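The structure appears below as structure tokens.
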Amino acid sequence: MKPIDRELLLNAMRSAAMIFLAIIACRLTKGAFAWFLALLGLNWAMNNQLGKAVSCYMLFPFFVIMNPMILPKNTLCALALRLGPALMTAGLFLSGSRRPGRHVLPLGSMALYLVVAAMSSATGYAPMISYLKIVNFVILMMGLWIGLKNLDRRPDDVMDMRCFLLGMAIVLVFGSALTALVPSVGYLNMTNMLIRDHPDMSMEEINLIVANMQGMRLFAGMTNQSQCLAILLPCMFAWVTCDMLFIERRVSVLHLSLIVCSLPLIYMTRSRTSFCATALAVVLIYFWCLQVVRIRARLKAAFRTGMAVALLVGAAYGAYSEVRHDTISRWLRKTEDVSGDQRSLAEAFASSRMGLVDQSMRDFRRNPLLGKGFQVMEYMQGMSGFRLTAAIEKGALPIMILGETGVVGMVAFVFFLFAFYGGCMQKRLDVTMALFTVMVVCNFGEANFFSPGGPGGMLWVICVGGGFLIDTLLLHRRRIERMM
């Protein structure tokens, strides 16, 4: 292990400290500071200070999914988190037009799917809500596309964004670990149930009850629910690993600490989706990224050996835990009573999502061609209101697409996938492609692909934005090596 890169560590810790201070300021000002951040990001974008502007932009999806015990979201704060990205996107659009080049994310083909979604929503359950959600998603796409456009010749800005994303990883992973010391915060799902059933109970009493509660507990950490943390952690795990292997090109103390700490947190969410996504991330990085990303042969061999040893140790520990405590079975079956669970493994995997799948299939049968509208459900008929642009819970991504946009939407989405992967291969965005695949797999268990008002925004920031930053730095490094 090489000496600590003090500059990287200092910059990442400074970013994490700034995020913590921003959370405290938003909490103390009851959300007013979020408006200040939005205006600050707009100013940076208009003045072409892209490193700061895009970092500020990435902060807003993080605040959206923040644990309300840590960052309460009153009306003032919620409006800032909705309108702030729109303001910054407008500023990034104006500055982005002055950056020549063709180094961009291949997201253009998403426009076809969104046109189909708009057509579907016109006769869907709640057209106005669907249109608001389409606009919200377009803002997310445009912000990432324009903010990261043609940064291949601005490595200093890319490094600033990279350090900020490392700071977010520190807050998400280490911050979540700290919330385990305060069960009423870390296990938010149980806290919410106790507050709902016993509104007069004090937080001290709730904390004591949650701390001593037996049975399965779902860990939410720094996020607003355990399902949210469950899909963010594998994506952040994959990004940090790729950043260490391909940008640092060494075993970094900071990166390794984040990787090791994230693994028990992933288990604490008790999410099967998280298990599968983490396993896929390891497979993609080992068999794909290490194969295609250009690094020195000796270094690649060392990383392969290290990862192989880590996998063997992890597999041995998993086998031991399974034999002694049924750890893997309890995780995959999502129950503490493994011996009394008569379901097959496939039934245990699918049971918690069958209701949502049935609902989406019911929507599909009502309109097989175009579905029943983008990101809405039947109970929303006749409703309107800005607050309903928040994310809704649906099942697996393919079934959700069929229910919302029908066969036409599915064809358009498959076209987007082919165009995206084809564009990544053409531009050699290998890390972006791998992390996007992890993100898609996460959406097979928790369909948040089109949900900027939920975990979806952070998934796009980490996997697509973060992956593109790594690929951009790799491109810049290849150019320097060719000139030498």
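From a predicted model like this one, the values you see are computed outputs, not experimental measurements.
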| request: Kindly state each residue pair satisfying side-chain hydrogen bond (donor to acceptor under 3.5 Å, both in side chains) with at least one member in residues 395-406, sequence neighbours excluded. | output: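 For residues 395-406, and leaving out neighbouring residues, the side-chain hydrogen bond (donor to acceptor under 3.5 Å, both in side chains) pairs sorted by first residue read Tyr113-Thr405, Gln375-Glu404, Lys394-Glu404.
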| request: Enumerate the residue pairs fulfilling side-chain hydrogen bond (donor to acceptor under 3.5 Å, both in side chains) with a member in residues 430-441, sequence neighbours excluded, ordered by first and then second residue. | output: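 Found Tyr421-Thr437, Thr432-Asp471.
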| query | So does Met201 have more than 12 non-hydrogen atoms from other groups sitting under 6.0 Å from CE? | reply | yes
May I ask you to decide if [Y]'s main-chain N or O and [X]'s side chain share a donor-acceptor pair within less than 3.5 Å?
{"X": "Ser274", "Y": "Ser271", "result": "no"}
{"X": "Ser451", "Y": "Gly453", "result": "no"}
{"X": "Trp35", "Y": "Leu76", "result": "yes"}
{"X": "Trp44", "Y": "Leu50", "result": "no"}
{"X": "Ser176", "Y": "Leu172", "result": "yes"}
{"X": "Trp460", "Y": "Phe449", "result": "yes"}
{"X": "Arg162", "Y": "Leu469", "result": "no"}
{"X": "Ser184", "Y": "Thr191", "result": "no"}
{"X": "Lys427", "Y": "Arg102", "result": "yes"}
{"X": "Asn189", "Y": "Gln225", "result": "no"}

Pairwise distance [atom1]([X]) to [atom2]([Y]) - rounded to 0.5 angstrom:
{"X": "Asn448", "Y": "Cys228", "atom1": "CG", "atom2": "SG", "value": "7.5 Å"}
{"X": "Leu105", "Y": "Thr472", "atom1": "CG", "atom2": "OG1", "value": "8.0 Å"}
{"X": "Tyr57", "Y": "Ile146", "atom1": "OH", "atom2": "CD1", "value": "9.0 Å"}
{"X": "Leu245", "Y": "His255", "atom1": "CG", "atom2": "NE2", "value": "9.0 Å"}
{"X": "Cys26", "Y": "Leu59", "atom1": "SG", "atom2": "CG", "value": "8.0 Å"}
{"X": "Leu474", "Y": "Phe246", "atom1": "CG", "atom2": "CZ", "value": "8.0 Å"}

| query | Can Lys133 be said to sit on top of Phe374's aromatic six-ring, NZ or CZ under 6.0 Å from centre and within 45° of the ring axis? | reply |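 Verdict for Phe374: no cation-pi partner in Lys133.
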For the residue pair [X] and [Y], establish whether any side-chain heavy-atom pair is separated by less than 4.5 Å.
{"X": "Met433", "Y": "Leu284", "answer": "no"}
{"X": "Arg428", "Y": "Leu475", "answer": "no"}
{"X": "Tyr267", "Y": "Leu263", "answer": "no"}
{"X": "Phe219", "Y": "Leu233", "answer": "no"}
{"X": "Leu107", "Y": "Phe420", "answer": "yes"}
{"X": "Phe60", "Y": "Leu37", "answer": "yes"}
{"X": "Val441", "Y": "Pro234", "answer": "no"}
{"X": "Thr179", "Y": "Ile70", "answer": "yes"}

| How far apart are the C-alpha atoms of Lys73 and Met66, what are their side-chain angles, what is the distance that settles it, and do they pass the side-chain contact (heavy atoms from CB on, under 4.5 Å) test? | CA-CA 9 Å; Lys73 301 177 188 69; Met66 192 73 66; 3.9 Å; yes
Could you report the tightest heavy-atom contact between [X] and [Y], atom names first, then the distance?
{"X": "Ser130", "Y": "Gly373", "result": "OG-C, 4.0 Å"}
{"X": "Leu258", "Y": "Ala169", "result": "CD2-O, 3.7 Å"}
{"X": "Leu166", "Y": "Trp239", "result": "CD2-CZ3, 3.7 Å"}
{"X": "Pro455", "Y": "Ile231", "result": "CB-CD1, 3.7 Å"}
{"X": "Phe416", "Y": "Ser109", "result": "CD1-OG, 3.3 Å"}
{"X": "Val438", "Y": "Leu280", "result": "CA-CD2, 4.2 Å"}

| request: Let me know which of Leu435, Ile65, Asn443 forms a side chain to side chain contact (heavy atoms under 4.5 Å, CB included) with Leu459. | output: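 Among Leu435, Ile65, Asn443, the one that satisfies the side chain to side chain contact (heavy atoms under 4.5 Å, CB included) with Leu459 is Asn443.
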| message | Pair Leu114, Phe137 - check side-chain contact (heavy atoms from CB on, under 4.5 Å), show working. | response | CA-CA 9 Å; Leu114 294 177; Phe137 184 71; 3.8 Å; yes
| What do the steps show when you test Met236 against Ile259 for side-chain contact (heavy atoms from CB on, under 4.5 Å), and what is the final call? | CA-CA 9 Å; Met236 191 63 85; Ile259 291 167; over 6 Å; no
Atom pairs and distances, side-chain donor-acceptor, residues 407-415, under 3.5 Å, sequence neighbours left out:
none

| said: Students often mix this up, so state it plainly: with edges at 30° and 60°, are the rings of His103 and Phe468 parallel, tilted or perpendicular? | reply: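 Rings of His103 and Phe468: parallel, as their planes differ by under 30°.
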| said: Exactly one of Arg366, Lys372, Gln359 should register a side-chain hydrogen bond (donor to acceptor under 3.5 Å, both in side chains) with Glu378. Which one does? | reply: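 Exactly one option meets the side-chain hydrogen bond (donor to acceptor under 3.5 Å, both in side chains) with Glu378, and it is Arg366.
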| side-chain contact (heavy atoms from CB on, under 4.5 Å) between Ile19 and Phe164, worked out | CA-CA 9 Å; Ile19 294 171; Phe164 191 81; 3.9 Å; yes
